[in-house]
Visitor: 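Structure provided below as structure tokens; questions to follow.
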Amino acid sequence: MTAKFETPEEAPAKRLEGRLQKVSLVVSLAGLGLMGFGLIDILVSGDSFALPGFPVVALQRLVFFKPASSTGLALASAGILLLGLLPTMRVLLALWLYVHTRDLLSTLFGTVVLLELLLSIHFGR
Amino acid sequence: MTALLLFGIGLLAGVLGALLGLGGGIFLVPLLTLVFHLPIRIAVGTSLVGVIATSAGVAAFAPRGRGGDVSLALRLEMATAAGALGGGLLAGAFNSRVLHVLFASVAFASALYTFYKGRRRQPGAALEPLFPQDYRPRNWTVGLLAAGLAGMVSGLLGVGGGFIKVPIMYALMDIPLGVATATSNFMVGITAAASVFVYYGRGDIYPMVVVPTTVGVFLGAVLAVYALGRMRAAWVREALVGLLILLGAYMLVTSLSH
């Protein structure tokens, strides 16, 4: 009978995969839920399903809870934003684990990718 | 009816995008512009959210050991991002016909090399596993250079680049095909996230289009995750080669009509 051991290199990778899976599941379902409720609210409030409809609510308006033209539109916009933030959350999570395991090279690569993402969020404001 | 059609298009893009590691944007943009006559900016904005949904669906539902290699993804993504930045800056210097021919050439070269790589396996050898546990990436220097070049082509053409990343990982770096597609799905999610806020800030994202499409894409990606567990590497490889040839041919024909 052979016993299966985890090598020290394998353990953090498995831990990271498990955590990424949980975060991806929770955030994507929350984002899709908000988007779905938002669309239902838009349709219930009397708007017909005509493309392309109205654009998303501006980021500043959402972040500072300023009133939007409709609650449904604000909910759907929040869902889209949440889903859009997921890749950044995944990179942050990976980075956090690399820092804890002192994997300097992966920390460096992850930091560069994270900076690129943060810059794009800054330019998107 | 329109919402159902959007959902169906999303479902198809999600299945193909997740199976082949392409994200799905390459199917969504032409379908949204051709079927719904949406302006290209709205189609691209929708497709970026869709690509993130594909990436999320694969990450959330992939069985343990099949979620992609995060460390490899971040290393290659750094080179890709640098290349994409250069490509984006150079894009204005080329005319549309040159870009279309470049896209076609890259697609044909990727198809040819992926096909050759599959044929090189010994006849009668054991079935090629999609997700072996004991692989080791090779040719890092060539892989990183090629990833930078893929990023440049992505930046020049305004596409995610999954169709170049998978052949690079599989054919050049000896990454197993299943791991390459899952890793590419992780990477295209990051690439799409880098652009989606720009489109959001410009007001090019429309919930009425995005919501049904994204729900379809997410479900399609989840279906693909389960399908991939029952597929052989050869089927995925042949589908990838076929799709690359189709894309290349479409781009060549488009370049002639310009």
Side-chain angles (χ1 to χ4, degrees), chain A residues 10 13-14 16-18 20-29 31-32 35-36 38-39 42 47 49-56 58-59 72-73 75-77 79-81 83-88 90-91 94-95 98 103 105-106 108-110 112-113 116-117 119-125, chain B residues 1-3 6 36-39 42 45-46 48-49 52-53 55-62 64-71 73-78 81-82 84-85 133 186 189-212 214-215 218:
Chain A
E10 281 174 339
K14 282 191 178 167
L16 175 62
E17 192 183 8
L20 283 177
Q21 190 159 33
K22 278 184 197 152
V23 169
S24 301
L25 186 65
V26 171
V27 175
S28 52
L29 290 183
L32 288 172
M35 284 157 70
L39 187 65
I42 293 170
D47 284 328
F49 195 93
L51 297 184
F54 296 100
V56 280
L59 199 56
L73 202 58
L75 279 175
S77 304
I80 292 168
L81 266 182
L83 198 65
L85 280 171
L86 179 58
T88 312
R90 286 158 68 184
V91 173
L95 200 53
Y98 290 143
D103 182 345
L105 205 58
S106 297
L108 175 74
F109 290 131
V112 173
V113 173
E116 179 218 352
L117 282 169
L119 272 176
S120 74
I121 294 173
H122 173 74
F123 285 125
R125 271 188 313 137
Chain B
M1 189 62 200
T2 311
L6 282 170
F36 296 101
H37 306 290
L38 289 169
I42 297 180
T46 307
L48 289 171
V49 182
I52 295 172
S55 180
V58 173
F61 287 92
R64 282 288 162 95
R66 296 186 169 195
D69 187 332
V70 178
S71 178
L74 289 178
R75 285 165 200 224
L76 289 180
E77 189 59 30
M78 201 184 66
L85 184 69
Q133 294 299 309
F186 186 92
I190 295 174
T191 313
S195 312
V196 80
F197 290 99
V198 177
Y199 279 79
Y200 190 101
R202 277 203 314 235
D204 285 332
I205 292 181
Y206 286 70
M208 210 77 103
V209 187
V210 168
V211 178
T214 307
V215 172
F218 187 81

Visitor: How far apart are the closest heavy atoms of A:L29 and B:F218, and which atoms are they?
Guide: CD2-CE2, 4.2 Å

Visitor: Measure A:L85 against the heavy atoms of chain B and call it side chain, backbone, both or neither at under 4.5 Å.
Guide: both

Visitor: State, to 0.1 Å, how close A:M35 and B:V211 come at their nearest heavy-atom pair, and which atoms those are.
Guide: O-CG1, 3.7 Å

Visitor: Below 4.5 Å from any heavy atom of chain A, which atoms of B:I190 appear? Answer side chain, backbone, both or neither.
Guide: both

Visitor: Go through B:G203, B:A3, B:G189 and name the one with the most non-hydrogen pairs under 4.5 angstrom from chain A.
Guide: B:A3

Visitor: Could you look at A:L32 and say if it's the side chain, the backbone, both or neither that has a heavy atom under 4.5 Å from chain B?
Guide: side chain

Visitor: Which heavy-atom pair separates A:S77 from B:Y200 by the least distance, and what is that distance?
Guide: CB-OH, 3.3 Å

Visitor: Picking from B:T214, B:L48, B:I42, which has the most non-hydrogen pairs under 4.5 angstrom with chain A?
Guide: B:T214

Visitor: Counting heavy-atom pairs closer than 4.5 Å to chain A, which one of B:V196, B:V215, B:L38, B:V209 comes out on top?
Guide: B:V209

Visitor: Measure distances from A:V56 to the heavy atoms of chain B and classify the residue's part below 4.5 Å as side chain, backbone, both or neither.
Guide: both

Visitor: Which atom names give the shortest non-hydrogen contact between B:L74 and A:V113, and what distance separates them?
Guide: O-CG2, 3.7 Å

Visitor: For a quick test of reading the model, state the closest non-hydrogen atom pair linking A:L73 to B:P207 and the distance between them.
Guide: CD1-CG, 3.8 Å

Visitor: Taking every heavy-atom pair that is under 4.5 Å apart, which of B:P39, B:A56, B:A73, B:G45 has the most such pairs with chain A?
Guide: B:A56

Visitor: So which heavy atom on A:Q21 is nearest to which on B:A59, and how close?
Guide: CG-O, 3.5 Å

